[in-house]
Amino acid sequence: MPENSDSNTNSNSKLDADAGFNTRLIHQDYEPPAGFDAFPVGIHHASTVLFNNVAAMRARTWQDKSAYTYGLHGTPTSFTLEARLAEIEQGNYCLLAPSGLAAITLIDMALLQSGDHILMPDNVYGPNRDLADWLSRSFGISVRYYDPLTGAGIASLIEANTKLVWVEAPGSVSMEVPDVPAICAAAHARDVLVALDNTWSGGVAFPAFAHGVDIIMQALTKYQSGGSDVLMGAVITRDKALNACLQAAHMRLGLGVGMDDVYLVLRNLATLRLRFNAHDQSAREIATWLKTRPEISKVLHPALPDCPGHEIWKRDFTGAGGLFSVLFDSKYSEEQTDCFVDSLKLFKIGFSWGGAHSLCVPYRIEQMRNQWQGHGTLVRFNIGLEDAADLIADIEQAMMLALATPA
Ligand SMILES: *Cc1c(COP(=O)(O)O)cnc(C)c1O
């Protein structure tokens with residue numbers, strides 16, 4: 001069988017003249033002309049990847065991303081997204097996972113074994129906390145929750161068996177901004193790795209490796225997708241050995257992603273910064289307006305002084321995106337603040353963020369934390385890409401409806 005036919009004619013040259021209909025359905029000889037060029041990356045679907053001969057099959061390994069071995073380990077489509085995400089975060093390696101949470105699980109499973117200790121911020125993303133508690137209940141890993149504002153104080157919590165410090169910058173419900181460089185310095189002094197959930201900044205507004213982080217986790221479901229239609233996560237690193245360890249766990253856990261989804265993320269990456277900045281501008285306008293409202297006791301937006309860690313945000317971040325929270329004055333009952341959320345028209349009720357549509361969710365924050373000093377109902381806003389004036393008018397009408405008479 002010739003390796004490469006130099007003909008584009010429909011000669012059926014590789015098929016026996018008497019090949020049956022089913023065989024003809026499967027073994028078409030047509031090869032499209034070479035040299036197709038366009039901006040989008042092709043959507044390469046594959047479970048099976050083909051090798052020209054046995055020697056080529058034996059020469060390739062799934063760890064080596066200079067070649068293809070099996071769909072689970074990637075196709076040109078996913079390799080391209082991985083390379084772009086590594087570039088955006090100024091890292092060297094990237095692994096894709098089927099959700100942000102799967103990326104978190106990958107990090108824990110790759111790096112931890114029974115007997116290890118991990119440090120988690122008390123404001124960490126709820127399912128990350130739930131995973132840590134499960135590891136602690138069932139897998140012999142001990143977990144300690146720390147004050148997200150502790151900074152260098154993390155040093156006193158590091159034990160001989162501490163393997164990993166998780167950080168979220170900022171915590172995506174209560175918004176405390178941690179001192180990432182101080183936490184990293186203290187952890188590295190004891191050879192402990194730091195993993196950052198960098199989803200809030202979208203990889204746009206916080207150069208995490210420059211601030212000392214070892215592992216960046218992103219929920220691409222948010223800004224990178226931008227469409228409220230894809231679930232995906234990424235784990236990005238600089239260190240080769242660390243990536244190899246994560247890659248082994250990635251294979252063992254079978255964390256494949258669908259190439260149609262990969263394509264959707266790739267398609268929206270070009271506008272990532274434009275969208276992020278638009279969310280940011282609108283969110284700051286709305287947060288600043290909320291600050292003037294008597295119904296609101298605190299605006300937990302990292303770019304505003306009410307927010308714990310605001311000074312650190314000013315020092316380390318270059319933007320803020322669309323996600324922030326408020327605390328309602330404690331004179332309002334939860335029933336009233338729920339009624340406020342129900343009365344919103346443009347803001348829809350739903351989890352996640354980073355898409356074009358504005359969202360709003362009330363949280364029972366005191367039930368989510370070991371330590372919580374705030375008062376009043378916490379409500380989180382995701383500011384979408386609608387006109388800020390319309391969103392403000394929506395919040396105002398809902399306040400009038402729900403909060404006109406204090407309980
Ligand atoms: C959404 C989110 C995740 C998880 O992402 P999914 O793709 O929904 O699993 C993790 N961390 C943060 C901060 C998030 O907002």
Side-chain angles (χ1 to χ4, degrees), residues 85 88 97-104 123-129 168-177 196-206 216-234 261 264-265 268-269 271-287 290 299-304 307 313 317 319-327 340-341 344-365 368 378-388 390-392 394-395 398:
L85 293 168
I88 288 169
S99 66
L101 182 55
I104 292 170
N123 62 353
V124 76
Y125 175 66
N128 192 345
R129 184 185 193 109
E168 197 170 310
S172 62
V173 174
S174 47
M175 300 293 154
E176 301 92 339
V177 187
L196 171 74
D197 185 334
N198 201 25
T199 304
W200 184 81
S201 84
V204 172
F206 185 68
I216 295 175
M217 171 262 147
Q218 279 284 349
L220 308 175
T221 308
K222 311 293 164 51
Y223 291 118
Q224 289 85 347
S225 133
S228 309
D229 54 357
V230 177
L231 287 155
M232 201 175 296
D261 287 347
L264 289 173
V265 177
N268 275 355
L269 273 191
T271 57
L272 175 63
R273 188 192 281 272
L274 292 177
R275 289 183 284 108
F276 187 90
N277 289 350
H279 287 290
D280 189 353
Q281 193 182 340
S282 211
R284 285 197 221 195
E285 189 177 331
I286 294 163
L290 282 163
V299 179
L300 303 175
H301 184 302
L304 298 188
C307 191
W313 176 83
F317 286 69
L323 193 79
F324 70 92
S325 297
V326 298
L327 290 176
F340 161 77
V341 175
L344 292 164
K345 293 175 183 160
L346 289 175
F347 285 89
K348 305 301 177 190
I349 302 168
F351 296 108
S352 200
W353 36 282
H357 296 79
S358 289
L359 298 168
C360 185
V361 186
Y363 284 89
R364 290 178 166 157
I365 182 78
M368 300 161 64
L378 185 148
V379 171
R380 187 178 81 174
F381 294 99
N382 162 57
I383 305 303
L385 298 174
E386 302 94 338
D387 290 301
D390 293 339
L391 296 174
I392 288 173
D394 191 25
I395 295 172

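Source: prediction; values computed, not measured.
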Return the [atom1] to [atom2] distance between [X] and [Y], rounded to the nearest 0.5 Å.
| X | Y | atom1 | atom2 | result |
| --- | --- | --- | --- | --- |
| L231 | K222 | CG | NZ | 9.0 Å |
| N128 | L101 | CG | CG | 7.5 Å |
| T221 | M232 | OG1 | CE | 8.0 Å |
| D280 | S201 | CG | OG | 11.0 Å |
| L378 | M175 | CG | CE | 8.0 Å |
| D390 | I395 | CG | CD1 | 11.5 Å |

At their closest point, which heavy atom of [X] faces which heavy atom of [Y], and how far apart are they?
| X | Y | result |
| --- | --- | --- |
| L300 | F324 | O-CB, 3.6 Å |
| M217 | A103 | CG-CB, 4.0 Å |
| A283 | G322 | CB-CA, 3.8 Å |
| A205 | A320 | CB-N, 4.5 Å |
| V379 | C360 | CG1-SG, 3.3 Å |
| V177 | W313 | CG1-N, 3.9 Å |

Residue set satisfying side chain to side chain donor-acceptor pair (under 3.5 Å) with R380, at least two apart, ordered chain then number -> Y363

### Task
Under the side-chain contact (heavy atoms from CB on, under 4.5 Å) rule, what do L290 and H301 come out as? Steps first, then yes or no, please.
CA-CA 11 Å; L290 282 163; H301 184 302; over 6 Å; no

- Task: Walk me through it: do S172 and T199 pass the test side-chain contact (heavy atoms from CB on, under 4.5 Å)?
- Result: CA-CA 9 Å; S172 62; T199 304; over 6 Å; no

So, does [X] use its side chain to make a donor-acceptor pair with the main chain of [Y] at under 3.5 Å?
| X | Y | result |
| --- | --- | --- |
| N382 | H357 | yes |
| S99 | A102 | yes |
| E168 | Y125 | yes |
| D394 | L346 | yes |
| S325 | V173 | yes |

query: Under the side-chain contact (heavy atoms from CB on, under 4.5 Å) criterion, do I88 and L269 qualify, and how do the steps go?
result: CA-CA 10 Å; I88 288 169; L269 273 191; 4.0 Å; yes

- Message: Using 30° and 60° as the class boundaries, would you call the ring planes of F381 and F347 parallel, tilted or perpendicular?
- Response: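 Geometry flag for F347 against F381: perpendicular rings.
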
Note to self: Below 30° counts as parallel, above 60° as perpendicular, anything between as tilted: where do the rings of W353 and Y223 land?
What the structure shows: perpendicular

Sole candidate of L344, L391, I286, L385 that passes side-chain contact (heavy atoms from CB on, under 4.5 Å) when paired with S358: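 Of the listed residues L344, L391, I286, L385, the side-chain contact (heavy atoms from CB on, under 4.5 Å) partner of S358 is L391.
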
Self-check item: Heavy atoms of other groups near Q281 CD, more than 12 under 6.0 Å
Solution: no

Would you say that Q224 contacts N268 through its side chain, given a criterion of any heavy-atom pair below 4.5 Å between the two side chains?
no

Taking the side chain as everything from C-beta on, heavy atoms only, tell me whether I104 gets closer than 4.5 Å to P127.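 Side chain of I104 against side chain of P127, heavy atoms only: no contact under 4.5 Å found.
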
Does S225 form a side-chain contact (heavy atoms from CB on, under 4.5 Å) with L264? I'd like the steps, not just the answer. CA-CA 7 Å; S225 133; L264 289 173; over 6 Å; no

